[in-house]
Amino acid sequence: MLEKEELRRLKGDIICPRLDVFDGIHEELEKGTAIGFECPVGQASAELFRKLYEEVTRTTLSVDTCTKGGKFLAYRATYVCHHNVRDRGRKASAKDTQCPWRLHVVSKTRSSMSRISDNLHASCGLVVRGLGHHNHATDIPAALKHRRVSDATEAKLKSLFRHYHSPSTALQTLDMELREEWGEEYPLKAADRSLLPDLSYVYRFVSLSFHPAYPSSHPTVPIPIYACHSKQLITMQ
Ligand SMILES: [Zn+2]
């Protein structure tokens with residue numbers, strides 16, 4: 001994470017020398033501050049920023065709209081809070097607070113720089129701006145339980161499955177690691193779905209991760225034992 005001493009101010013906006021977000025970034029965005037990152041131009045920078053931002057603010061964002069591949073525009077997207085459910089369907093969701101928070105990210109191509117009068121874009125590969133406010137708490141179990149499972153957690157699950165864990169024992173292992181790592185903070189961490197998903201998610205994840213084609217293309221990787229016993233999962237041949 002960036003230290004505040006590493007930030008530079010430009011007419012009220014902020015320039016960061018790397019994509020790392022900093023403590024207090026959400027408060028700055030809520031105030032209307034534009035934040036530029038001196039990073040490579042393109043979608044990958046925007047997506048990496050989103051993940052870092054989600055981790056620090058303990059929120060989950062979804063892509064609402066995006067444009068990419070233009071002559072002067074490499075990538076533009078609007079992210080919305082996951083408490084704003086787009087496909088509401090018939091059944092009301094406890095997650096859906098119709099949260100109005102928006103985050104706009106823009107990455108302009110270098111060929112557009114001669115046309116740019118905005119100094120922030122001229123020196124930064126990615127510029128982000130916030131709009132609105134969350135209409136719910138973000139650091140309570142009721143909100144954390146809806147977060148998207150993180151890439152790091154999925155990587156741990158895959159590793160556990162390769163070591164013959166079942167979904168239940170893999171989940172128990174994640175739980176135990178959180179207990180050991182966070183001590184008194186464990187209850188709040190355990191409520192965070194990005195760190196500790198529910199069992200039904202773990203079942204779905206393993207069935208997708210260990211697709212039937214998997215053994216033949218990766219013959220040296222052991223097949224999880226439980227996969228041979230559950231009709232809910234896959235039949236590995
Ligand atoms: Zn929200």
Side-chain angles (χ1 to χ4, degrees), residues 1-2 4 7 12-14 16 19-37 39 43-68 75-107 120 124 126-154 174 178 182 185-198 200-202 204-205:
M1 188 187 297
L2 278 171
K4 290 206 169 171
L7 310 178
D13 296 330
I14 293 176
C16 306
L19 265 175
D20 308 33
V21 292
F22 57 90
D23 189 27
I25 184 171
H26 182 69
E27 288 73 13
E28 288 289 349
L29 288 167
E30 276 197 322
K31 285 192 289 186
T33 309
I35 302 175
F37 294 91
C39 64
Q43 182 176 354
S45 290
E47 290 180 350
L48 179 56
F49 163 78
R50 177 176 60 81
K51 289 182 179 180
L52 293 168
Y53 176 83
E54 287 176 334
E55 194 177 319
V56 167
T57 59
R58 305 180 78 183
T59 56
T60 291
L61 301 176
S62 305
V63 176
D64 187 41
T65 60
C66 78
T67 307
K68 51 190 170 184
Y75 186 73
R76 183 204 303 274
T78 298
Y79 299 137
V80 295
C81 174
H82 72 305
H83 287 278
N84 183 342
V85 178
R86 294 184 67 189
D87 183 15
R88 296 195 165 92
R90 293 181 181 176
K91 192 176 177 183
S93 165
K95 181 174 77 171
D96 186 13
T97 64
Q98 299 184 34
C99 179
W101 170 245
R102 298 273 189 286
L103 193 59
H104 300 293
V105 301
V106 180
S107 182
L120 204 57
C124 298
L126 183 72
V127 175
V128 303
R129 297 173 194 270
L131 183 67
H133 302 271
H134 289 290
N135 64 359
H136 54 87
T138 57
D139 57 354
I140 59 173
L144 296 171
K145 73 178 184 180
H146 295 297
R147 291 192 68 204
R148 183 188 299 123
V149 179
S150 73
D151 292 348
T153 299
E154 289 188 343
L174 290 184
L178 284 180
W182 292 101
E185 292 183 55
Y186 162 77
L188 198 56
K189 297 293 178 184
D192 188 340
R193 185 171 177 270
S194 74
L195 304 175
L196 192 65
D198 49 280
S200 61
Y201 170 85
V202 180
R204 285 198 307 278
F205 178 70

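Remember, it's 1-based here, ligands and their atoms both numbered in the order they're listed.
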Legend entry - Whether His134 and Trp101 hold their rings parallel, tilted or perpendicular, with breakpoints at 30° and 60°: tilted
Inset, instruction - Report yes if some heavy atom in the side chain of Cys16 is under 4.5 Å from a heavy atom in the side chain of Phe37; otherwise report no. - result: yes
Inset, instruction - Give a yes or no on whether Lys95 atom NZ has more than 12 heavy-atom contacts from other residues, nucleotides or ligands under 6.0 Å away. - result: yes
Inset, instruction - Would you mind naming the N, O or S atom of His134 nearest to the Zn ion (ligand 1)? - result: ND1
Inset, instruction - Flag His83 as yes if one of its N/O/S atoms falls below 2.8 Å of the Zn ion (ligand 1), otherwise no. - result: no
Inset, instruction - Step through the shown structure and confirm whether more than 12 heavy atoms of other residues, nucleotides or ligands are within 6.0 Å of CD on Glu55. - result: no
Inset, instruction - Quick one: the SG of Cys81, the Zn ion (ligand 1), NE2 of His136 angle, rounded to 10°, please. - result: 100°
